[in-house]
Amino acid sequence: ELIMVCAIVGIIAGIAIPKFDINRYRADAAGRLLRVLLQEAQRNAITRQSNVIVSFDLTYQRLRIVQDYNNNDTINVTDQVTYRKLDEGAKFTKPSWAGINGTVPTASVVGAGLQTVSGMPSVIFQRDGSASSDLEIYVSMRDAVQKDYRGVLLTRSTGRNDLYKWNGTTWLRMTQ
């Protein structure tokens, strides 16, 4: 009986393990982290009544978040600056197909009113919660695997952001 149980467990494991792809879960986590950091920046801008600058450091795969206490949209020595790295293995990368809004993105972070602060593409959350630009941000675990791509769409007027994933044919909005 013990040999039969071991054989059945081995067969089930042989079928189930190849279908389990950890990178998709890691891509979900990277997209959710990006979304949460943007939500936190917006919340801080509202509660502290000072602008928050979120810059995308594409070289080091991290976000620079600045609490701009004097609301001048630049980094001063009195401003609080924090860095948050993307999850291990995650990186900002642009898809080679149509993005969330239907056009092929020119970079991993794109937006009509995208600003540059200290050489980095940045979005600024105002004290009323709005953002300085509509924005699309793309992250992935592996460039060659399309289903690992996640995108965050930020709406300028409300500061709302939504997380999307590419399923191979279209961008699907992910739920909370």
Chemist: Could you give me the CA-CA distance, side-chain angles and deciding distance for M174 and D28, then say whether side chain to side chain contact (heavy atoms under 4.5 Å, CB included) is met?
Modeler: CA-CA 9 Å; M174 296 175 68; D28 288 346; 3.4 Å; yes
Chemist: Do I53 and I65 touch side chain to side chain, with heavy atoms closer than 4.5 Å?
Modeler: no
Chemist: Out of curiosity, D148 CG to R26 CZ, how far, rounded to the nearest 0.5 Å?
Modeler: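 D148 CG to R26 CZ: 9.5 Å, rounded to 0.5 Å.
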Chemist: Could you tell me which residues satisfy side-chain contact (heavy atoms from CB on, under 4.5 Å) with L33, sequence neighbours excluded, listed by chain and number?
Modeler: L37, R84, D87
Chemist: With a 3.5 Å distance limit and no angle check, can you tell me whether K85 reaches the backbone of Y60 through a side-chain donor-acceptor pair?
Modeler: yes
Chemist: For the NZ atom of K147 and the OG1 atom of T169, what is their distance to the nearest 0.5 Å?
Modeler: 8.5 Å
Chemist: So do the side chains of W166 and I100 get within less than 4.5 Å of each other, counting heavy atoms only?
Modeler: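 In short, these two side chains do not touch, never coming nearer than 4.5 Å.
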Chemist: Within a reach of under 6.0 Å around CZ of R142, are more than 12 heavy atoms found that belong to other residues, nucleotides or ligands?
Modeler: yes
Chemist: Is the backbone N or O of N161 less than 3.5 Å from a side-chain atom of Q39, with the two atoms forming a donor-acceptor pair by type?
Modeler: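 Not a single qualifying donor-acceptor pair exists.
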Chemist: If you compare all heavy atoms of G159 against all heavy atoms of L154, which two are closest, and at what distance to 0.1 Å?
Modeler: O-CD1, 3.3 Å
Chemist: Taking ring pair (Phe, Tyr, Trp, His ring centres under 6.0 Å) as the test, write out the residues that go with Y149, two or more places apart.
Modeler: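 Only W97 meet the ring pair (Phe, Tyr, Trp, His ring centres under 6.0 Å) criterion with Y149.
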Chemist: Is there side-chain contact between R64 and D57, with heavy atoms separated by less than 4.5 Å?
Modeler: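 Counting from C-beta outward, R64 and D57 never come under 4.5 Å.
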Chemist: Quick one: do the Q126 and S132 side chains pair a donor with an acceptor below 3.5 Å?
Modeler: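 The answer is no; no qualifying pair exists.
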Chemist: Any chance you could measure R150, atom CZ, to Y138, atom OH, to the nearest 0.5 Å?
Modeler: 13.5 Å
Chemist: Without hydrogens or angle criteria, can the side chains of D128 and S130 be said to hold a donor-acceptor pair below 3.5 Å?
Modeler: yes
Chemist: Do Y164 and V139 sit in the same hydrophobic cluster, where Ile, Leu, Val, Met, Phe, Trp and Tyr count as joined when their side-chain heavy atoms come under 4.5 Å apart?
Modeler: no
Chemist: Taking atom types as modelled, find out whether N101 and T103 have a side-chain donor-acceptor pair closer than 3.5 angstrom.
Modeler: no
Chemist: In residues 112-125, what donor-acceptor pairs under 3.5 Å come from side-chain atoms, sequence neighbours left out?
Modeler:
{"residue": "S122", "atom": "OG", "partner": "S55", "partner atom": "OG", "Å": "2.6"}
{"residue": "S122", "atom": "OG", "partner": "M120", "partner atom": "O", "Å": "3.0"}

Chemist: Any side-chain to backbone donor/acceptor pair from D162 onto L153? Under 3.5 Å, distance only.
Modeler: no
Chemist: Counting C-beta onward and ignoring hydrogens, is there a side-chain heavy-atom pair between V145 and N23 closer than 4.5 Å?
Modeler: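 V145 does not reach N23 side chain to side chain.
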Chemist: Kindly determine whether N71 and S50 satisfy side chain to side chain contact (heavy atoms under 4.5 Å, CB included), including the steps that lead there.
Modeler: CA-CA 6 Å; N71 300 323; S50 63; 3.6 Å; yes
Chemist: Mind checking whether N51 and R127 have side chains closer than 4.5 Å, heavy atoms only?
Modeler: yes
Chemist: Kindly give the heavy-atom pair with the smallest separation between T78 and Y69, and that separation in Å.
Modeler: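 Closest pair (atom of T78, atom of Y69, distance): O-CD1, 3.6 Å.
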Chemist: Please round to the nearest 0.5 Å and tell me the distance separating atom CG of L63 and atom OG1 of T82.
Modeler: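 These two atoms lie 9.0 Å from each other.
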Chemist: Check for me, please, whether V110 and L163 land in the same ILVMFWY cluster - side-chain distances under 4.5 Å, paths through other members count.
Modeler: no
Chemist: Does N167 use its side chain to pair, donor to acceptor, with the backbone of W171 at less than 3.5 Å?
Modeler: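 Between the backbone of W171 and the side chain of N167 there is no qualifying donor-acceptor contact (under 3.5 Å).
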Chemist: With rounding to the nearest 0.5 angstrom, report the OG1 to CD distance, T47 to Q42.
Modeler: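 Reported value, rounded in 0.5 Å steps: 10.5 Å.
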Chemist: Is there a donor-acceptor pair under 3.5 Å between the side chain of Q146 and the backbone N or O of S96?
Modeler: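 Such a contact is absent between Q146 side chain and S96 backbone.
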Chemist: Out of curiosity, does V81 fall in the hydrophobic cluster containing L38 (side-chain heavy atoms, cut-off under 4.5 Å, transitive links)?
Modeler: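 Per the 4.5 Å side-chain linkage, L38 and V81 are not co-clustered.
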Chemist: Just by distance, do the side chain of D79 and the backbone of N76 share a donor-acceptor pair under 3.5 Å?
Modeler: yes
Chemist: Applying the 4.5 Å side-chain criterion to the ILVMFWY set and letting contacts propagate, would F56 and V152 be lumped into a single cluster?
Modeler: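 Yes, one cluster joins them.
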Chemist: Does R160 reach the main-chain N or O of S157 with its side chain, forming a donor-acceptor pair under 3.5 Å?
Modeler: no
Chemist: Taking the side chain as every heavy atom from C-beta outward, state whether Q80 and V66 have any atom pair closer than 4.5 Å.
Modeler: no
Chemist: V36 versus L34: any side-chain heavy-atom pair under 4.5 Å?
Modeler: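 In short, these two side chains do not touch, never coming nearer than 4.5 Å.
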Chemist: To check you understand the geometry: which heavy-atom pair defines the closest contact between S108 and L58, and what is its length?
Modeler: OG-CD2, 3.7 Å
